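Written out below as structure tokens is the structure these notes cover.
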Amino acid sequence: MPEEKIVLFVCLHGSAKSLIAMEYFNRLAARRGSTLRAVSAGTEPDDEIPPPVVAGLAADGYDVRGRTPLRVTAALVGKAVTIVSFGPKLGDLVRGGVPVQHWDDMPAVSDDYAIARDAIRARVEGFFVSQTER
């Protein structure tokens, strides 16, 4: 069985932007039979996923109830073939050779979930295509 290839999405709390990106990315990967899988984490993870995010994802067919945001660790970063940061700097956690993309321009989920989700989803779709064309 081939080793799983991880795309790591990182935001401050690991409970909104990175989570939305992970869910959409993993659905795309499953539909296309890709070996890529996304993981979501935060540099300062929340204790739980905010209810508006849970509700917004549920409306789109994703059940994230009861999940706890992960903390970014060196071990998690070490499994990544690509890292996407929604703002946080990862400093010494990132080893050489692992590409890091910065998606700092995404709208705040807390301001308007639908606008943020749509922007993240569009960026994920383009990113997924670029990753699978390699």
Side-chain angles (χ1 to χ4, degrees):
M1 181 177 195
E3 184 174 330
E4 191 171 52
K5 296 178 184 176
I6 301 294
V7 174
L8 179 61
F9 290 99
V10 180
C11 63
L12 184 62
H13 301 296
S15 62
K17 292 177 183 179
S18 65
L19 180 65
I20 294 166
M22 176 190 78
E23 291 297 334
Y24 280 96
F25 187 95
N26 285 336
R27 182 176 282 173
L28 280 171
R31 284 182 183 158
R32 297 179 183 199
S34 174
T35 59
L36 291 171
R37 185 176 75 84
V39 175
S40 166
T43 54
E44 299 173 20
D46 282 338
D47 292 332
E48 61 184 26
I49 300 166
V53 175
V54 172
L57 285 168
D60 291 336
Y62 301 97
D63 185 2
V64 297
R65 291 174 298 169
R67 289 202 212 159
T68 303
L70 297 176
R71 177 175 300 280
V72 176
T73 63
L76 191 55
V77 168
K79 295 178 183 179
V81 296
T82 302
I83 299 168
V84 175
S85 172
F86 286 94
K89 304 299 179 220
L90 301 172
D92 295 338
L93 286 174
V94 178
R95 67 192 191 298
V98 177
V100 179
Q101 293 189 20
H102 298 278
W103 293 5
D104 303 347
D105 60 341
M106 292 290 106
V109 174
S110 58
D111 290 344
D112 189 311
Y113 175 86
I115 289 173
R117 179 212 49 219
D118 291 348
I120 293 166
R121 182 171 46 197
R123 184 78 59 91
V124 165
E125 288 170 358
F127 174 80
F128 184 85
V129 169
S130 72
Q131 291 297 301
T132 56
E133 289 178 347
R134 289 183 181 181

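Positions are given from 1 along the sequence. These numbers were taken from a predicted model, which means no experiment stands behind them.
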Rounded distance (nearest 0.5 Å) linking atom CD of Q101 with atom CZ of F9: 8.5 Å

With a 6.0 Å cut-off (strictly less than), is the heavy-atom count around CG of D63, excluding the residue itself, greater than 12? yes

Angle between ring planes, F25 versus F127, binned at 30° and 60°: parallel, tilted or perpendicular? tilted

For a quick test of reading the model, state the closest non-hydrogen atom pair linking A38 to N26 and the distance between them. N-OD1, 2.6 Å

Provide the closest heavy-atom pair for K17 versus M106 in the form atom of the first, atom of the second, distance. NZ-O, 3.1 Å

Using modelled atom types and a 3.5 Å cut-off, is there a donor and acceptor pairing between side-chain atoms of S18 and backbone atoms of S40? no

R37: partners by salt bridge (Lys or Arg N to Asp or Glu O under 4.0 Å), with sequence neighbours left out: E4

Pairing residues for Y113 by the side chain to side chain donor-acceptor pair (under 3.5 Å) criterion, not counting sequence neighbours: none

Pairs in or reaching into residues 70-99: which pass ring pair (Phe, Tyr, Trp, His ring centres under 6.0 Å), with residues at least two apart or in two chains? F86-W103

Which residue pairs satisfy the ring pair (Phe, Tyr, Trp, His ring centres under 6.0 Å) criterion with at least one member in residues 30-61, sequence neighbours excluded? none

Kindly indicate whether a cation-pi arrangement holds for R27 with Y62, taking the cut-offs as under 6.0 Å to the six-membered ring centre and within 45° of the axis. yes

Does anything in residues 44-60 pair up under side chain to side chain donor-acceptor pair (under 3.5 Å), and if so which pairs, sequence neighbours excluded? H13-D46, S15-D46, Y24-D60, D60-R117

Between L12 and P88, what is the shortest heavy-atom contact and its length? N-CG, 3.4 Å

Taking the side chain from K5 and the backbone from V81, do they hold a donor-acceptor pair closer than 3.5 Å? no

Spacing of I120 atom CD1 and E23 atom CD [to the nearest 0.5 Å]: 12.0 Å

Taking the side chain as every heavy atom from C-beta outward, state whether D105 and R123 have any pair of such atoms under 4.5 Å apart. yes

Do you know which two heavy atoms are closest between P45 and G42, and how far apart they sit? CD-O, 3.6 Å

So does A21 get a backbone contact from the side chain of R121, meaning a donor-acceptor N/O pair under 3.5 Å? no

For V100, the rest of its hydrophobic cluster, which grows through side-chain links under 4.5 angstrom: I6, L8, V10, V39, L70, V72, L76, V77, I83, L90, L93, V94, V98

